[in-house]
Amino acid sequence: MFKLLAGFNAPLIDYPFARSDVALYTRALSASGEAPPALLDQQTWDDMLLDQYLDRLARETSIFGQQELHRRLHGGVAGADAVARVRALAEDEAGRSALQAACSGLRSSEAEIAGMLFGAGPAPAPRWTRWLKFLGPAMLITAAATLLWWPASLLALGLWALLMGVQVKFYDQSQQWERLVQTMQLQLRAHSLLGKLGEGAAAIAAPFSSGAAQAGKISRQLGRSPLESFVPGLKEYGEWIGLTNIRRYFAGRDLVLAQRDFLRESFRMVAGLEADLALARELRAAPVVCWAAAPDGLASGELALDRVVHPLLEQAMPLTFALAGDGGGAFISGQNGIGKSTLLRTLGLNLITARAFGFCYARSASVPLLPVYSSMQSEDSLSGGESLYIAELRRAHELLALARAGRAFFIIDEIFRGTNHLESVSGAAAVLDTLAQHGTVVVSSHNLVLAPLLAHRLAPMCVGAEDGQLRVRAGVLAQTNGLTLLATHGFGPAIESKAAQVHAWLSDYLAHPDDCGHVLQAA
């Protein structure tokens with residue numbers, strides 16, 4: 001405790017937290033009703049590779065900043081004030097460095113405390129714990145009394161057994177509590193340091209000034225006695241004879257409950273500033289980034305991204321993509337391996353960052369601030385007993401329910417690939433047509449017949465390579481390359497010939513005839 005008050009800087013170890021720990025803040029707020037509804041769901045989070053993207057943003061960021069970034073990605077909407085703060089930090093290198101130094105100790109946190117602060121919280125200490133401070137002295141007194149009256153030894157042994165029983169029962173909880181307290185103290189120390197900066201020229205830290213003194217007081221109350229650092233053996237003696245660790249555990253629980261509102265607000269402020277610092281660093285490091293504008297036709301799904309890239313691709317090829325506000329979206333076609341899935345993820349991630357942070361990875365951007373939902377990675381589940389097609393049906397049902405709940409942006413890759421061609425086209429056409437009535441849909445599919453079926457809702461667009469660059473043009477893919485890839489992957493002339501013969505027949509006869517046995521027999 002004395003080290004924290006004296007300005008001790010713990011080594012920056014960047015303790016590794018599980019992704020479930022990072023998500024606890026968002027989940028606790030959602031469970032308590034303090035957060036607005038999420039603007040994406042777990043499958044969209046996974047489809048858009050947001051865990052990997054969060055790892056990129058959270059470099060040099062503690063669990064506090066990571067949790068706040070996670071919250072914003074899930075359901076935050078970047079307002080004008082938030083954008084102004086991040087822009088100011090990105091442009092002020094000296095101020096950013098000072099604020100970063102004040103927050104650096106947070107990276108030594110070894111515990112996650114948002115679940116406790118914003119969740120159910122610790123239970124109040126039982127009333128009997130107030131007597132624990134007398135147990136050790138009573139045992140020592142009775143032990144000394146055995147010199148004058150030997151039966152007192154029986155009482156001394158009983159008190160010793162009771163003292164050891166309490167220590168054994170609550171020792172593990174007290175150790176876990178120590179880790180939570182250390183993290184809370186790091187949070188409170190950062191609050192105090194930022195308060196001192198707020199008293200000076202750092203205007204962005206000004207809100208910390210009013211609570212800095214209280215943060216220091218709570219930190220001292222949570223900590224150990226400074227004497228334990230100077231007197232050898234005092235800590236161990238105090239724990240095993242005076243139960244100081246157990247008493248501090250119970251007293252700390254009551255203190256946290258009493259100061260919970262302040263601790264929550266301090267958490268929000270510290271985590272929010274650290275997240276802003278991470279975003280400012282990202283703005284400085286990203287090769288291309290711009291502030292997103294919201295189009296006038298917000299509800300119509302109008303979108304324009306000029307030379308947009310995916311930030312997780314080191315050699316990302318920029319694309320320009322636009323949707324008019326008078327349609328339901330776009331049907332994307334393109335040859336195998338051309339980058340359709342990457343295009344969808346690029347669109348989805350940039351839509352999410354525009355809503356959550358206010359910027360896109362593009363030269364210019366105008367995007368609707370809508371919830372984003374996707375279906376890109378449905379797969380068989382052996383443990384859940386769910387086939388690919390059943391998983392696709394479940395996800396389509398979820399998307400339809402979300403569409404009816406409010407306008408959203410839907411990103412779909414190869415819908416209903418888990419069943420035969422005719423039923424895939426039939427089901428996909430029905431689902432996509434309905435989705436496009438309620439929101440904006442961008443779908444990619446190799447079933448090109450969907451393009452004319454859905455042309456009244458989705459503008460047909462084709463991704464292709466031109467002069468070493470990817471281009472998105474109006475229209476439908478004219479020449480596929482699936483059979484060509486058979487040759488490049490070494491299937492041999494016999495397989496290629498048979499495949500070409502079947503393809504020629506299917507091209508003129510898409511419906512299954514009663515007698516088709518001769519098609520392969522003649523090959």
Side-chain angles (χ1 to χ4, degrees), residues 37 39-40 44 47-48 73 75-80 82-83 288-311 318-334 340 342-376 399-400 402-413 431-445 450-451 454-463 470-476:
L39 300 178
L40 51 80
T44 306
D47 286 345
M48 296 298 121
L73 284 169
V77 177
V83 170
V288 57
V289 69
C290 70
W291 293 102
D296 295 334
L298 188 64
S300 68
E302 180 182 345
L303 178 147
L305 290 164
D306 182 27
R307 295 186 66 78
V308 64
V309 298
H310 197 296
L319 273 166
T320 296
F321 187 86
L323 287 177
D326 56 357
F331 177 88
I332 307 293
S333 59
K340 298 185 298 298
T342 299
L343 168 61
L344 294 183
R345 285 195 172 93
T346 300
L347 290 176
L349 183 60
N350 278 273
L351 284 165
I352 292 168
T353 59
R355 183 260 302 158
F357 307 139
F359 62 75
C360 289
Y361 295 88
R363 191 161 59 185
S364 66
S366 177
V367 298
L369 305 183
L370 294 172
V372 176
Y373 301 107
S374 67
S375 178
M376 295 186 67
L399 294 183
L400 288 169
L402 290 165
R404 296 185 182 103
R407 194 161 188 86
F409 204 106
F410 299 96
I411 296 176
I412 303 172
D413 192 18
V431 169
L432 294 172
D433 183 71
T434 303
L435 280 178
Q437 289 179 275
H438 297 278
T440 301
V441 177
V442 176
V443 59
S444 167
S445 177
L450 286 171
L454 296 167
H456 63 293
R457 301 247 185 238
L458 306 180
M461 296 185 179
C462 181
V463 182
L470 285 182
R471 309 285 185 192
V472 181
R473 306 289 189 192
V476 183

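In what follows, every heavy atom counts, from backbone to side chain, and hydrogens, waters and symmetry copies are set aside. Keep in mind the model is a prediction, meaning the values are calculated, not measured.
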Residue pair [X] / [Y]: nearest heavy atoms and the distance that separates them:
{"X": "Pro318", "Y": "Arg307", "answer": "CG-NH2, 3.1 Å"}
{"X": "Ala330", "Y": "Phe321", "answer": "CB-CZ, 4.3 Å"}
{"X": "Leu344", "Y": "Ser444", "answer": "CD1-CB, 3.7 Å"}
{"X": "Val476", "Y": "Pro460", "answer": "CG2-CB, 3.7 Å"}
{"X": "Ala354", "Y": "Val367", "answer": "CB-CG2, 3.3 Å"}

Inter-residue atom distance [X].[atom1] - [Y].[atom2], 0.5 Å rounding:
{"X": "Arg404", "Y": "Gln437", "atom1": "CZ", "atom2": "CD", "value": "9.5 Å"}
{"X": "Ile412", "Y": "Ile332", "atom1": "CD1", "atom2": "CD1", "value": "12.0 Å"}
{"X": "Leu323", "Y": "Ser366", "atom1": "CG", "atom2": "OG", "value": "11.5 Å"}
{"X": "Cys290", "Y": "Asn350", "atom1": "SG", "atom2": "CG", "value": "8.0 Å"}
{"X": "Thr440", "Y": "Leu458", "atom1": "OG1", "atom2": "CG", "value": "10.0 Å"}
{"X": "Tyr373", "Y": "Asp47", "atom1": "OH", "atom2": "CG", "value": "13.5 Å"}

Taking the side chain as C-beta and beyond, is there a heavy-atom pair between [X] and [Y] under 4.5 Å?
{"X": "Met48", "Y": "Ile352", "value": "yes"}
{"X": "His456", "Y": "Asp433", "value": "yes"}
{"X": "Thr346", "Y": "Val309", "value": "no"}
{"X": "His310", "Y": "Leu349", "value": "yes"}
{"X": "Leu351", "Y": "Leu303", "value": "yes"}
{"X": "Phe357", "Y": "Leu73", "value": "yes"}
{"X": "Thr320", "Y": "Val472", "value": "no"}
{"X": "Val442", "Y": "Phe409", "value": "yes"}

Q.
Run the side-chain contact (heavy atoms from CB on, under 4.5 Å) test against Leu39 and tell me which residues pass, sequence neighbours left out.
A.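 So Leu39 forms a side-chain contact (heavy atoms from CB on, under 4.5 Å) with Val77, Arg355, Pro371.
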
Hey, is the main chain of [Y] close enough, under 3.5 Å, to the side chain of [X] for a donor-acceptor pair?
{"X": "Arg407", "Y": "His438", "result": "yes"}
{"X": "Thr353", "Y": "Phe359", "result": "yes"}
{"X": "Thr44", "Y": "Ser374", "result": "yes"}

Q: Under the side chain to side chain donor-acceptor pair (under 3.5 Å) rule, collect the residues that match up with Tyr361, sequence neighbours excluded.
A: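 So Tyr361 forms a side chain to side chain donor-acceptor pair (under 3.5 Å) with Tyr53, Glu282.
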
